[in-house]
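See below for the structure under consideration.
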Amino acid sequence: MAIFSASPRVWRRTMPDHQLAETFQATAKAKGLSPIILHALYLANLASPDRRIRQRSIHAMVSELEFAALLGIRWVVLHPGSHGGKGEAAGVSQCARSLEEVLRRTAKLPVGIALETTAGAGGFIGARLEHLRDIIDSCRLRDRLSICVDTCHIFVAGYDIRTAEAWENTAQLIDKVTGLSSLTVLHLNDSKADLGSHVDRHTHIGEGRIGLEGFKAIINDPRLHAVPMILETPKSDDGSMDKTNLERLRSLVYRDRPPRS
Ligand SMILES: [Zn+2]
């Protein structure tokens, strides 16, 4: 399961009190909800050339990690941010410096940050796996950094995942660049937009340009069996599409293997 600590479109975070945090953890345990991932606020931009935005983002990310720690959450997913016109290399190094500060200020917390792949529009870094690798490599506290692959984002960023063969090529590329072992979360979304279009429009599983064959390859990949997979598909008013998307994914699981939980 993935949660936000508050609306992802506002800066303010309110810490849960002790009792709420305890109830959350006890309920998650009783319901078998594990792991739980926190998605950081969308406003955070650790790569920004604007010092004030960066400082505000660092402060907000420290709060996100503290929030996660209170709820027993191990990973916070973060979009690495936009370079604001300064170029990808500048954005990558700015993001790494900001992350270092977030990690240093939360040094005692057992919480890490998973950098999410992006569609790569509007100066956003993270559309190339090399961006994420370079950010991680230039942080001294890199043992608390990992990556989150979003199927829609990597697809529109130019990584083909439509067939078993295409997924295998992309998986090998991920392994070569960042290491598949650094992949701690997957976001499973089909894409309304085409391969390499850099347009980020999530759609229901099997109804977009990726299609069921690609998801079948991903969901049955034994290298990913310990990696949590989160749906970020559009919501219907009655919430029924979440169930439909989940059923579609489950129907793709090879029958000679135990189903994923
Ligand atoms: Zn995502």
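FYI, the numbering just counts along the sequence from 1. Just so you know, ligand 1 is whichever comes first in the structure, and atom 1 is the first atom listed for that ligand. For clarity, every value in this text was computed on a predicted model and none was experimentally measured.
In terms of heavy atoms, N245 sits closest to I205 at OD1-N, 2.8 Å. Between A47 and G81, the shortest heavy-atom distance links the atoms CB-C, 4.0 Å.
Of the N and O atoms on the side chains of D50 and S48, not one donor lies less than 3.5 Å from an acceptor on the other residue. Defined by atom type and a distance below 3.5 Å, a donor-acceptor pair is missing between the side-chain atoms of R209 and S197.
Between E207 and the options R201, K192, R248, a salt bridge (charged side-chain N to carboxylate O under 4.0 Å, His left out) holds for only R248.
Comment: E168 engages R223 in a salt bridge, judged by a side-chain N to carboxylate O separation of less than 4.0 angstrom.
The set of protein atoms (N, O or S) found at less than 2.8 Å from the Zn ion (ligand 1) reads E116 OE2, D150 OD2, H187 ND1, E232 OE1, by chain and number.
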